[in-house]
Amino acid sequence: MTETTTARLLIIGPPGAGKGTQASRIAERFGVPAISTGDIFRANITGGTELGTQVQAIIERGELVPDELTNRIVADRLAQADAARGFLLDGYPRNVEQVHALDGMLEGDALDAVVLLEADVDEVVARLLKRAELEGRADDTEDVIRHRQQVYAEQTAPLVDLFSERGILVRVDGLGSVDEVAARIADGLEARLGAAVEVE
């Protein structure tokens, strides 16, 4: 793989757009860790840590993990050695306040690119309903799924505008096969970062 000095990346997109799958591919491509706040929370819950107990109680109340707690967790993760050359964030920042907190953590080393996976709401809802049926997720009704999509749209719209103003937004059609979407992301990042990153 071609070496790059740094790659500080973020992937955003609606629930069900395939962010997790694409995040692991991008991270591997650039040789940086994929950092998912959801994964960190789940690992702590499973491990029965103090943080996990806090987070589980918050989630069980149907609330979002507070910004202050999420910011601390991300700051701690970004300070680890494997993130020195870069990272790919997934699930954070989720609002403008968290963007400003991230700016502070990076101390002027702003994000290099933000990949926005775009997908038609009805297509995503159909995909998530099918997954819910296959995995036996009885709670994932169409109403619940559509509500999550609405919350995402409301929270993310200001972020899209902000990253677009900064000139780092890479819009990608998120519908299609995993390989098709991955190829579009690679093309978009190559155009944004100005250098090809080849995978052996």
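The residues of the chain are indexed from 1 along the displayed sequence.
No donor-acceptor pair under 3.5 Å is formed between the side chain of Glu142 and the backbone N or O of Val125. Asp112 places a side-chain N or O within donor-acceptor distance of the main-chain N or O of Arg8, the cut-off being under 3.5 Å. Side chain of Lys19 to main chain of Gly13: a donor-acceptor pair is present (N/O by atom type, distance under 3.5 Å, no hydrogens or angles). The backbone N or O of Thr21 lies less than 3.5 Å from a partner atom in the side chain of Ser24, making a donor-acceptor pair.
The shortest heavy-atom contact between Val181 and Gly174 is CG2-O, 3.5 Å. Considering every non-hydrogen atom in both Phe30 and Arg85, the closest pair reads O-NH2, 4.1 Å. Across Thr37 and Gly91, no two heavy atoms sit closer than the pair OG1-O, 3.3 Å. In plain terms, the two heavy atoms of Pro33 and Asp82 that are nearest each other are CD-O, 3.2 Å. Across all their heavy atoms, Ala119 and Pro14 have their closest contact at CB-CG, 4.5 Å. For the pair Arg192 and Ala113, the tightest heavy-atom approach, listed with the atom from each and the gap, is CG-CB, 3.7 Å.
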- request: Assess whether side-chain contact (heavy atoms from CB on, under 4.5 Å) is satisfied between Arg29 and Ile185, documenting all intermediate values.
  value: CA-CA 11 Å; Arg29 187 179 191 91; Ile185 291 172; over 6 Å; no

task: Show your working on side-chain contact (heavy atoms from CB on, under 4.5 Å) between Leu162 and Val99 and close with a plain yes or no.
output: CA-CA 9 Å; Leu162 189 153; Val99 172; 4.0 Å; yes

message: One pair to check against side-chain contact (heavy atoms from CB on, under 4.5 Å): Asp122 and Arg146. What are the steps and the verdict?
response: CA-CA 9 Å; Asp122 290 335; Arg146 286 192 179 277; 2.9 Å; yes

query: Stepwise, does the side-chain contact (heavy atoms from CB on, under 4.5 Å) test hold for Phe87 with Leu9?
result: CA-CA 6 Å; Phe87 50 80; Leu9 309 170; over 6 Å; no

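In the hydrophobic cluster analysis, where Ile, Leu, Val, Met, Phe, Trp and Tyr join through side-chain heavy atoms closer than 4.5 angstrom, Tyr152 is grouped apart from Val121. Leu88 and Leu193 fall within the same hydrophobic cluster, defined by Ile, Leu, Val, Met, Phe, Trp and Tyr side-chain heavy atoms under 4.5 Å apart, directly or through other members. Tracing side-chain contacts under 4.5 Å through hydrophobic residues (I, L, V, M, F, W, Y), one reaches Met105 starting from Ile35; they form part of the same cluster. Val74 and Leu106 fall within the same hydrophobic cluster, defined by Ile, Leu, Val, Met, Phe, Trp and Tyr side-chain heavy atoms under 4.5 Å apart, directly or through other members. Taken together through direct or relayed side-chain contacts under 4.5 Å among Ile, Leu, Val, Met, Phe, Trp and Tyr, Leu159 and Leu102 form part of one hydrophobic cluster.
Note that OH of Tyr92 and OG of Ser36 are 13.5 Å apart. Values are rounded to the nearest 0.5 Å. Between Leu89 atom CG and Leu10 atom CG the span is 6.0 Å, to the nearest 0.5 Å. Residue Ile40 holds its CD1 atom at 12.0 Å from CD1 of Ile45, rounded to the nearest 0.5 Å. For the atom pair CG of Leu134 and CG of Leu129, the computed distance is 11.0 Å after rounding to the nearest 0.5 Å. Distance check: Arg184 CZ to Asp179 CG gives 11.0 Å after rounding to the nearest 0.5 Å. How far CG of Leu117 is from CZ of Arg171: 12.0 Å, rounded to the nearest 0.5 Å.
Partners of Asp103 according to the salt bridge (charged side-chain N to carboxylate O under 4.0 Å, His left out) rule, which considers only residues two or more places apart in sequence or in another chain, are Arg166.
Taking 4.5 Å as the limit, every side-chain heavy atom of Gln54 sits out of range of all side-chain heavy atoms of Val65. For the pair Val151/Gln155, a side-chain contact is recorded, criterion being any heavy-atom separation below 4.5 Å from C-beta on. No side-chain heavy atom of Asn95 sits under 4.5 Å from any side-chain heavy atom of Pro158. A 4.5 Å side-chain heavy-atom check between Phe163 and Leu111 finds at least one atom pair inside the cut-off. Taking 4.5 Å as the limit, some side-chain heavy atom of Thr70 sits within range of a side-chain heavy atom of Gln98. Side-chain atoms of Asp67 and Arg94, non-hydrogen and from C-beta on, do get closer than 4.5 Å to each other. Between Asn71 and Glu97, every side-chain heavy-atom pair lies at or beyond the 4.5 Å cut-off. Here the side chains of Ile26 and Leu189 are in contact, with some heavy-atom distance below 4.5 Å.
Classification of Asp39 and Arg42 as a salt-bridged pair holds, one side-chain N sitting under 4.0 Å from a carboxylate O. Of the charged side-chain nitrogens involved, none lies within less than 4.0 Å of a carboxylate oxygen, so that Arg127 and Glu123 do not count as a salt-bridged pair. With respect to the salt-bridge test (charged N to carboxylate O, under 4.0 angstrom), the residues Asp140 and Arg148 qualify.
Defined by atom type and a distance below 3.5 Å, a donor-acceptor pair is present between the side-chain atoms of Glu154 and Gln150.
Surrounding CD of Glu133 are at most 12 heavy atoms belonging to other residues, nucleotides or ligands under 6.0 Å away. Heavy-atom contacts from other residues, nucleotides or ligands closer than 6.0 Å to CD of Glu68 number 12 or fewer. Within a 6.0 Å sphere centred on CD of Glu50, heavy atoms belonging to other residues, nucleotides or ligands number 12 at most.
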